[in-house]
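Here the structure comes first, spelled out in structure tokens, and everything after it is commentary.
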Amino acid sequence: MSNPSYINTIVIAHGKSEYIFCESIRANLRLPMKIFARNKGHSSIQVDGLNRYLSTGYFSSHRTLCKAIPRMPHEKDIINDSVVIFPIMDLDDTPQAKQYLDKTLFCNNCFKNLIWPIFNISNLDDILIQMGYEIDKNNKVRSYEKVFPANNGDEERARELLDQFKQNNNTNIDEFIEHCLNL
């Protein structure tokens, strides 16, 4: 078990759906998690541009990320291996899906040992629809609040979602939820 004040979980959200979903998980489970997205998910980060995203700005080096997230465990500006970076990506529009999944996409990245790719085929909205949820693409916030209502500390609901996602072979987002539940 890690120190609860440390930020050990970093998410890079593909788009609005992933951002809203991860923000709900973070808020409901009261986790010290940092979520990165372009304009809170209003502009998407594609798999094809993920490596570029992971080598600029806050992600240009261990040192810059340590400065951006001071509560992240590190020693001498090297991030501790207890930190996990979860890019949560849709695979509906990329020819690099295989490289993303087997992590060869990140072989030259300084964070390669911290990255745990999460995928949705084709996208998170479709996965939730397959699971029986109604997703209004014009009001995603309300739709996602129905999937994971804002009940602070609702670990039971998170475990229900974990079980539902485990039954779907088109995603591994259950691995992210399980990680969050184990913090």
Side-chain angles (χ1 to χ4, degrees), residues 8-29 31 33-38 40-51 53-54 83-107 109 111-151 154-183:
N8 288 348
T9 305
I10 299 169
V11 172
I12 300 170
H14 165 71
K16 190 172 184 177
S17 299
E18 292 78 12
Y19 181 83
I20 294 167
F21 184 79
C22 292
E23 184 58 36
S24 292
I25 295 281
R26 186 199 62 72
N28 277 289
L29 297 179
L31 297 176
M33 174 193 308
K34 181 69 176 167
I35 303 170
F36 289 93
R38 285 197 182 123
K40 294 188 177 184
H42 291 282
S43 299
S44 65
I45 299 169
Q46 302 298 325
V47 171
D48 303 1
L50 185 58
N51 234 354
Y53 186 85
L54 283 167
V83 174
V84 181
I85 300 172
F86 289 101
I88 301 180
M89 298 284 136
D90 292 344
L91 299 183
D92 57 353
D93 53 4
T94 180
Q96 294 183 310
K98 181 183 181 307
Q99 293 90 339
Y100 174 73
L101 295 173
D102 68 14
K103 294 176 66 170
T104 56
L105 185 66
F106 313 111
C107 64
N109 189 284
F111 302 108
K112 65 184 173 200
N113 295 330
L114 305 176
I115 296 172
W116 187 336
I118 301 298
F119 68 89
N120 297 300
I121 301 171
S122 70
N123 61 58
L124 184 55
D125 292 342
D126 289 346
I127 300 289
L128 290 169
I129 291 168
Q130 290 169 15
M131 292 167 50
Y133 294 100
E134 290 185 30
I135 303 298
D136 179 354
K137 296 190 183 206
N138 295 319
N139 193 348
K140 289 186 180 190
V141 174
R142 181 166 291 184
S143 295
Y144 278 76
E145 285 174 351
K146 289 178 184 175
V147 174
F148 199 47
N151 299 326
D154 194 352
E155 186 176 321
E156 183 179 325
R157 179 65 185 128
R159 291 196 183 283
E160 289 171 11
L161 276 175
L162 173 65
D163 291 340
Q164 289 176 328
F165 278 115
K166 278 185 175 181
Q167 296 174 26
N168 193 315
N169 293 329
N170 293 323
T171 186
N172 68 340
I173 205 163
D174 55 286
E175 295 173 8
F176 166 71
I177 297 170
E178 193 159 29
H179 168 85
C180 292
L181 285 166
N182 289 328
L183 291 176

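FYI, side chains are in, hydrogens and waters are out, and symmetry mates aren't considered; it's all heavy atoms of this structure. We count residues from 1, following the sequence as given.
Remark: the backbone N or O of I88 is not paired with any side-chain donor or acceptor of H14 at under 3.5 angstrom. A donor-acceptor pair under 3.5 Å is formed between the side chain of T171 and the backbone N or O of F119. At distances below 3.5 Å, not a single donor-acceptor pair connects side-chain atoms of K16 with backbone N or O atoms of H42. Remark: the backbone N or O of E175 is not paired with any side-chain donor or acceptor of N172 at under 3.5 angstrom. Side chain of N51 to backbone of L105: a donor-acceptor contact under 3.5 angstrom is found. Under a 3.5 Å cut-off, the side chain of N120 and the backbone N or O of S122 do not form any donor-acceptor pair. The closest donor-acceptor contact from the side chain of N8 to the backbone of L183 lies at 3.5 Å or more, if one exists at all. Formation of a donor-acceptor pair under 3.5 Å by the R26 side chain with backbone atoms of I35 is not found in this model.
Looking at every heavy atom in both residues, I20 comes nearest to K140 through CD1-CB, 3.9 Å. Residue I177 comes nearest to A158 through the heavy atom pair CG2-O, 3.7 Å, listed as atom of the first residue, atom of the second, then distance.
Looking at S143 and D136, their side chains never bring a donor and an acceptor atom within 3.5 Å of each other. S24 and N28 form no side-chain donor-acceptor contact under 3.5 Å, judged by distance and modelled atom types alone. Judged purely by distance below 3.5 Å, without hydrogens or angles, the side chains of Y133 and Q164 pair a donor atom with an acceptor atom.
Geometrically, K103 does not engage Y100 in a cation-pi contact, judged by NZ or CZ lying under 6.0 Å from the ring centre and within 45° of the ring axis.
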Margin query: Assess the residue pair S44 and R38 against the criterion (side chain to side chain contact (heavy atoms under 4.5 Å, CB included)); give the C-alpha distance rounded to whole Å, side-chain angles, the decisive distance to 0.1 Å, and a yes or no.
Written below: CA-CA 6 Å; S44 65; R38 285 197 182 123; over 6 Å; no

Margin query: Determine whether I121 and D90 satisfy the following criterion, side chain to side chain contact (heavy atoms under 4.5 Å, CB included), listing intermediate values before the conclusion.
Written below: CA-CA 6 Å; I121 301 171; D90 292 344; over 6 Å; no

Next item on the list: Could you give me the CA-CA distance, side-chain angles and deciding distance for I10 and M33, then say whether side chain to side chain contact (heavy atoms under 4.5 Å, CB included) is met?
Entry: CA-CA 6 Å; I10 299 169; M33 174 193 308; over 6 Å; no

Margin query: Run the side chain to side chain contact (heavy atoms under 4.5 Å, CB included) test on F176 and V84 for me, step by step, so that the C-alpha distance in whole Å, both residues' side-chain angles and the decisive distance to 0.1 Å come before the verdict.
Written below: CA-CA 10 Å; F176 166 71; V84 181; over 6 Å; no

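Within the model, atoms CG of D174 and CG of N168 stand 9.0 Å from one another, a figure rounded to the nearest 0.5 Å. Distance check: I85 CD1 to L114 CG gives 5.0 Å after rounding to the nearest 0.5 Å. For the atom pair L124 CG and I129 CD1, the distance stands at 10.0 Å (nearest 0.5 Å). The OH atom of Y53 lies 12.5 Å from the CG atom of N109; values are rounded to the nearest 0.5 Å. Taken from SG in C22 to OH in Y144, the straight-line distance is 10.0 Å, to the nearest 0.5 Å. Atom CD of E18 sits about 10.0 Å away from atom CD1 of I45, to the nearest 0.5 Å.
I12 places a side-chain heavy atom less than 4.5 Å from the side chain of L50. Residues E155 and L181 meet the side-chain proximity criterion, which asks for heavy atoms closer than 4.5 Å. In this structure, the side chains of D48 and D93 stay at 4.5 Å or more apart for every pair of heavy atoms. Within the 4.5 Å cutoff, no side-chain heavy atoms of L128 are placed close to those of E134. Residues V11 and I25 fail the side-chain proximity criterion, which asks for heavy atoms closer than 4.5 Å.
Applying side chain to side chain contact (heavy atoms under 4.5 Å, CB included) to F165 and the options D163, L162, L161 leaves one that passes, L161.
Checked for salt-bridge contact, E156 and R159 miss the test: no charged N lies under 4.0 Å from a carboxylate O. Taking 4.0 Å as the cut-off between side-chain N and carboxylate O, E145 and R142 do not count as a salt-bridged pair.
Annotation for N139: atom CG counts as buried by contact number, over 12 foreign heavy atoms lying within 6.0 Å.
Annotation: F86 is in aromatic contact with H179 [ring centroid separation under 6.0 Å].
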